[in-house]
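Written below as structure tokens is the structure these notes are about.
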Amino acid sequence: MLPRRILQARSALTIFRTRAYSTEARERVRIVEVGPRDGLQNESAVIPPAMKAELINRLTDAGLDIIESGSFVSPKWVPQMAGTPEVLKTMQRVKGLHHPVLVPNLKGLQLLLDLLSEQSRSEVPYTDEIAVFTAATDAFSKANTNCTVAESLERLEVVTKRAKKEGLRVRGYVSVVIDCPYSGKVDPVKVKDVSQALLDMGCYEVSLGDTVGTGNPTTVGKLLRTVLGGGIPASVLAGHYHDTYGMGVANILASLEHGLRTFDSSVGGLGGCPYSPGATGNVATEDVLYSLRGSKYETPGDLNAIAEVGTWISKVLNRTNSSRVGKALEARRARAQLEKERERDGGSAESISAKL
Ligand SMILES: CC(C)(COP(=O)([O-])OP(=O)([O-])OC[C@H]1O[C@@H](n2cnc3c(N)ncnc32)[C@H](O)[C@@H]1OP(=O)([O-])[O-])[C@@H](O)C(=O)NCCC(=O)NCCSC(=O)C[C@@](C)(O)CC(=O)[O-]
């Protein structure tokens with residue numbers, strides 16, 4: 001990992017380049033980095049707030065501008081997300097960046113508002129955005145938040161209205177948009193109806209969660225045709241695709257064809273879902289960025305720096321890096337390092353291959 005100052009300079013350069021390119025006809029794709037929330041919530045160990053803040057800082061330094069940073073949910077339900085207030089207080093905050101946090105009910109919102117009220121007006125707020133979440137099936141909704149979809153929508157309407165009154169942006173999630181681990185195939189019409197309900201209550205965007213990660217371009221395409229055909233514009237939709245079957249990138253490319261321009265991803269492919277047994281993490285941020293390299297789409301962040309974060313957090317968590325691109329870049333870095341050592345030490349090509 002490079003020193004933070006160098007990374008900061010590099011991400012400033014990325015931002016500069018991004019601005020420079022913006023006069024050309026490249027279309028901007030928004031990336032919502034969900035590793036520090038969706039990723040870490042699924043680790044068997046409870047991660048200390050300082051390490052979560054460190055992950056967020058490294059992702060910020062690597063040039064990502066929307067980083068989901070925690071949850072105000074019951075610590076009895078998801079102990080891994082306890083300590084979110086400490087995370088928000090200690091992470092570096094940069095004006096203009098967003099750090100959405102998940103809020104399931106009024107109690108969670110009140111805890112967040114109490115925290116925000118500790119700040120002076122001149123400070124960069126701990127966060128300016130919450131994410132509310134529901135599902136397309138009652139079975140998943142009950143497992144995740146102990147209420148039916150209809151009950152959750154009632155609950156979230158109150159939360160959304162109050163949050164907006166307090167000046168917060170509200171993003172919505174619909175889980176299990178393709179398959180539900182408890183009740184099987186999901187009707188796309190149900191996804192459309194729940195998405196519409198979230199938009200009607202004031203969410204600025206709805207993220208469609210293939211929680212189980214069973215979707216492919218055909219099923220995701222069918223879903224999007226139904227949702228878009230129901231009158232919801234692509235500009236208010238995001239794709240949140242778990243990579244269980246390795247279809248995350250393919251589903252994003254298919255979604256781009258349908259007009260979506262916002263995608264959730266997690267560094268190193270961290271994550272899963274505590275209420276979806278067997279589901280793996282989100283599509284890796286590194287894989288998404290690499291898949292769009294050289295295309296007409298412009299993405300935030302420095303791919304190499306993000307890949308370094310993926311390597312670092314995978315080591316810290318003692319898990320395999322799930323990003324194919326991250327692993328390939330790491331192997332390339334290791335090789336370059338060995339070549340540098342050879343040049344320095346005058347070692348032979350054979351000794352390098354032996355080390356590799
Ligand atoms: C919604 C509840 C709270 C209902 O859970 P409940 O048990 O019905 O709630 P309750 O109102 O009866 O309260 C039970 C206890 O929790 C406390 N409590 C109640 N609310 C809060 C709160 N906000 N923060 C802290 N504490 C809270 C409350 O005070 C009480 O404490 P006690 O009296 O027992 O000591 C619970 O089910 C819950 O927290 N669920 C969260 C589940 C979760 O975080 N899931 C993962 C995120 S969703 C996801 O990952 C999918 C997504 C978004 O990524 C998209 C995709 O991939 O599909």
Side-chain angles (χ1 to χ4, degrees), residues 32-43 46 68-85 100-115 129-149 151-156 158-159 162-163 170-182 186 191 194-195 198 203 205-215 220 223 237-244 248 251 262-266 269-283:
V32 179
E33 168 60 51
V34 295
R37 193 279 304 170
D38 205 352
L40 296 187
Q41 81 180 9
N42 228 48
E43 288 301 317
V46 176
E68 211 172 56
S69 298
S71 301
F72 283 79
V73 299
S74 164
K76 286 186 187 149
W77 283 67
V78 185
Q80 293 90 337
M81 285 294 105
T84 293
V101 287
L102 257 60
V103 169
N105 55 13
L106 266 181
K107 171 154 184 145
L109 179 61
Q110 193 54 54
L111 290 170
L112 173 63
L113 293 174
D114 290 347
L115 185 74
E129 179 166 335
I130 66 165
V132 295
F133 53 103
T134 182
T137 70
D138 284 335
F140 189 85
S141 182
K142 280 186 184 157
N144 199 26
T145 52
N146 203 21
C147 61
T148 63
V149 174
E151 286 163 350
S152 83
L153 288 172
E154 262 177 49
R155 199 187 266 183
L156 297 182
V158 183
V159 172
R162 172 89 201 280
V170 185
R171 189 172 198 245
Y173 275 110
V174 184
S175 285
V176 294
V177 298
I178 302 286
D179 286 305
C180 171
Y182 309 107
V186 172
V191 178
V194 176
S195 303
L198 287 170
C203 293
E205 179 174 272
V206 172
S207 179
L208 302 173
D210 177 12
T211 316
V212 199
T214 46
V220 167
L223 166 75
L237 293 173
H240 177 106
Y241 305 132
H242 284 255
D243 209 19
T244 316
N251 290 339
T262 301
F263 300 100
D264 304 349
S265 60
S266 84
L270 290 181
C273 178
Y275 303 103
S276 177
T280 61
N282 281 97
V283 60

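The first residue in the sequence is number 1, and the count goes up from there. Whatever order the structure lists them in is the order used to number ligands and atoms, beginning at 1.
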Ligand 1 versus Asp210: contacting region, heavy-atom distance under 4.0 Å
neither
If we only count heavy atoms from C-beta on, is the Cys147 to Lys142 side-chain gap below 4.5 Å?
no
Taking 4.0 angstrom as the limit and counting only heavy atoms of Leu102, give me the atoms of ligand 1 inside it, by number and element.
47 (C)
Mutual orientation of the aromatic rings belonging to His240 and Tyr173 [parallel < 30°, tilted 30-60°, perpendicular > 60°]:
perpendicular
Arg155: numbered ligand 1 atoms lying under 4.0 Å from its heavy atoms
1 (C)
State, with a plain yes or no, whether a side-chain heavy atom of Ser195 is found less than 4.5 Å away from one of Leu208.
yes
Below a 4.0 angstrom heavy-atom separation, can you tell me which part of Leu111, side chain or backbone, both or neither, approaches ligand 1?
side chain
Arg37 neighbourhood, listing ligand 1 atoms whose heavy-atom distance to it stays under 4.0 Å
47 (C), 49 (C), 50 (O), 52 (C), 53 (C), 54 (O)
Would you mind telling me if ligand 1 is within reach of the side chain of Ser175, the backbone, both or neither, using heavy atoms under 4.0 Å?
both
Does Lys76 approach ligand 1 within less than 4.0 angstrom via side chain, backbone, both or neither, non-hydrogen atoms only?
side chain
Going by the rule side chain to side chain donor-acceptor pair (under 3.5 Å), which residues pair with Thr145 if we only count those two or more places apart in sequence or in a different chain?
none
Contacts of Asp210 meeting salt bridge (charged side-chain N to carboxylate O under 4.0 Å, His left out) (sequence neighbours excluded), chain-then-number -> none
Out of curiosity, Ile130 CD1 to Leu113 CG, how far, rounded to the nearest 0.5 Å?
8.5 Å
Can you list the ligand 1 atoms lying under 4.0 Å from a non-hydrogen atom of Val73?
22 (C), 23 (N), 24 (N), 25 (C), 39 (O), 41 (C), 44 (O)
To the nearest 0.5 Å, atom CG of Leu109 lies from atom CG of Asn105 at 9.0 Å
Ligand-side contact atoms (ligand 1) for residue partner Gly108, heavy atom cut-off under 4.0 Å:
23 (N)
So is Ser74 polar-close to ligand 1, meaning N/O to N/O under 3.5 Å?
yes
Strictly by modelled atom types, are Thr214 and Asp179 linked by a side-chain donor-acceptor pair under 3.5 Å?
yes
May I ask you to list the atoms of ligand 1 that are less than 4.0 angstrom from any heavy atom of Asn146?
6 (P), 7 (O), 8 (O)
Subset of ligand 1 atoms that lie under 4.0 Å from at least one heavy atom of His240
54 (O), 55 (C), 56 (C), 57 (O)
Find all atoms of ligand 1 within a distance of less than 4.0 Å from any non-hydrogen atom belonging to Phe72, and give their numbers and elements.
22 (C), 23 (N), 24 (N)
Measuring from the heavy atoms of Ala135, does anything fall under 4.0 Å of ligand 1?
no
Does any non-hydrogen side-chain atom of Pro85 lie less than 4.5 Å from one of Phe72?
yes
